[in-house]
Amino acid sequence: MAVDLLLGLQWGDEGKGKIVDVLTSNYNIIARFQGGPNAGHTLVFNDMKHVLHTIPSGIFHDDVINLVGNGVVIDPVIFKNELGKLDDQNIDYKKSLRISRKAHLILPTHRLLDAASEIAKGKAKIGSTLKGIGPTYMDKTGRNGIRVGDLELDNWKKKYRALANKHERMIAFYNVDLQYKLEELETEFFKAIETLKALIFIDSEEYIHQALKKEKSILAEGAQGSLLDIDFGTYPFVTSSNTTAAGACTGLGVAPNKIGDVFGIFKAYTTRVGSGPFPTELFDEDGETMGRVGQEFGATTGRSRRCGWLDLVALRYACQINGVTQLMMMKGDVLSGFKTLKVCTAYNYKGEIITHLPYNIEEKNVTPIYTEFNGWNEDLTKMEDASQLPKELNEYIAFLEQDLDIPIKIVSVGPDRKQTIFR
Ligand code: GDP
Ligand code: IMO
Ligand code: MG
């Protein structure tokens, strides 16, 4: 068996949580491989909305193992809150949830360092989710981090203290106005650690290896999106992990030749939250309509998402880097009622027409070149079958499939599990 991947192809929030939930019945194991509580994955079913941050989106299905892989960074406090919400709904996760011993922990001082760094950057801030993601991955690559497996050792608190003390000196070095009471944060942190310790810790790479040998099916759930990848995204306005297909190999310990299908998810338009370049961003009524109809507010931070037309230059790039085998188009329903739709098919880059993503896509270098499409007025949200989709939407889809040379297998027409059309 192989590990299938499900990845966001834009700047995150494409609808990964919804589709993982829809596909979970085909799999034995759902595994997160990178990111952490910066993610907010929304699932809607039975008139209820659930937002997951660190826990994989297969958690609402019985008989499925949900694995938090080594590439993920875990904030015990946020994790405990997520578990609390599952408890409220009588979801039994004690046997089905597994955590890699090699996953790194986000400490309270990592969150403070994230905040201090953002304040110090001023206008040039990344617009991070302030969850301590960057500082935690810095400690991982700097070889200073504390891992889940350390919690099983006697001396981990000594290691914790030394690291937290160092962080406090670093925070002071930033010399910014950041008020905090570390003792209170630590009380909450150590309590949450006890909750975490009641869960099953595993050597997850071995677990996955054995599962593959036993013909178990595995779906790896990406967080963020390809344009936020630390190497291939719009650096420095990116997150601190590899959000692309390669990240699943390092974030789970799966060899490249064990990867099967790569499901690439994109919105029928584009959104971005936080700072950074966004060539097709709209500042007019169309952008405002997308935000309002699409309810484009961050699932983790509540911030308004910036909206714009679909950027096919960026989408081509994401498909290439990830080796996407099947596409899923989300939120087509949000575009109902637009007279004309635009898709950016090329950039005018410093006077030259290009069709690939260049090193720098800042506004001063890049002007999008658009192809226009007729819109449709039909409400898609009640449609259940591909044969019901309006002609204009089919033309939009056919154009994308031809350009990308990848089939669009799912068209999502609403947030609910049921509002999913298979093609
Ligand atoms: P994720 O981070 O990729 O899992 O995506 P988010 O959950 O952050 O954001 C996607 C948002 O769009 C959520 O509010 C979903 O409930 C919603 N959503 C997902 N698919 C659709 C769709 O096809 N149509 C509409 N209108 N909303 C959708
Ligand atoms: P999901 O999994 C959208 C963005 C932040 C910021 C940048 C760096 O729900 O798609 P970080 O806190 O990671 O250091 O922030 O990345 N960002 C996301 N944007 N969806 C996400 O996750 C995101 N996770 C981080 O807004 O611009
Ligand atoms: Mg999200």
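Both counts, for ligands and for their atoms, begin at 1 and track the order of listing.
- With hydrogens left out, the protein atom closest to atom 20 (N) of ligand 2 is Asp13 OD1, 3.0 Å, a heavy atom.
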- Message: What verdict does the side-chain hydrogen bond (donor to acceptor under 3.5 Å, both in side chains) test give for Thr271 and Lys267, after you've listed the backbone C-alpha separation in whole Å, the side-chain angles of each residue and the deciding distance to 0.1 Å?
- Response: CA-CA 8 Å; Thr271 65; Lys267 280 180 189 167; 2.9 Å; yes

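- A donor atom on one side chain and an acceptor atom on the other are not found under 3.5 Å apart for Glu378 and Gln388.
- Below the 2.8 Å limit, the Mg ion (ligand 3) has as protein N, O or S neighbours Asp13 OD1, Gly40 O.
- Remark: Glu183 does not engage Lys181 in a salt bridge, criterion side-chain N to carboxylate O under 4.0 Å.
- If you look at His41 next to ligand 2, the close heavy atoms, those under 4.0 Å, all belong to the side chain.
- The contact set between ligand 2 and Ala39, taken as ligand atoms under 4.0 Å from a residue heavy atom, comprises 1 (P), 2 (O), 9 (O), 22 (O).
- Remark: ligand 2 atoms within the under-4.0 Å shell around heavy atoms of Gly127 are 5 (C), 6 (C), 26 (O), 27 (O).
- Counting atoms of ligand 2 from 1 in the listed order, those under 4.0 Å from a heavy atom of Trp11 are 3 (C), 19 (N).
- Side-chain atoms of Arg423 do not come within 3.5 Å of backbone N or O of Asp385 as any donor-acceptor pair.
- Closer than 4.0 angstrom to ligand 1 lie heavy atoms from Asp13, Glu14, Gly15, Lys16, Gly17, Lys18, Gly40, His41, Thr42, Ala299, Arg305, Met330, Lys331, Asp333, Val334, Ser412, Val413, Gly414, Pro415.
- By the criterion of a heavy-atom distance under 4.0 Å, neither the backbone nor the side chain of Thr300 is placed next to ligand 2.
- For the pair Glu14 and ligand 2, the shortest N or O to N or O distance does not fall below 3.5 Å.
- Inclusion of Gly40 in the set of residues having an N or O under 3.5 Å from an N or O of ligand 2 is warranted.
- Neither the backbone nor the side chain of Phe237 has a heavy atom within less than 4.0 Å of ligand 2.
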Steps toward side-chain hydrogen bond (donor to acceptor under 3.5 Å, both in side chains) verdict (Thr54, Glu82):
CA-CA 8 Å; Thr54 327; Glu82 280 192 75; 3.0 Å; yes

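- The distance criterion of under 3.5 Å between nitrogen or oxygen atoms is met by Arg303 with respect to ligand 2.
- The side chain of Leu228, and not its backbone, has at least one atom closer than 4.0 Å to an atom of ligand 2 (non-hydrogen atoms only; side chain from C-beta on).
- Of all the heavy atoms of Lys131, none lies under 4.0 Å from any atom of ligand 2, so neither backbone nor side chain is involved.
- The shortest N/O to N/O separation between Val273 and ligand 2 falls below 3.5 Å.
- Taking a cut-off of under 4.0 Å to the non-hydrogen atoms of Ile126, the atoms of ligand 2 that pass are 8 (C), 27 (O).
- By the 3.5 Å distance cut-off applied to N or O atoms, Thr129 is counted among the residues near ligand 2.
- Inclusion of Ser275 in the set of residues having an N or O under 3.5 Å from an N or O of ligand 2 is not warranted.
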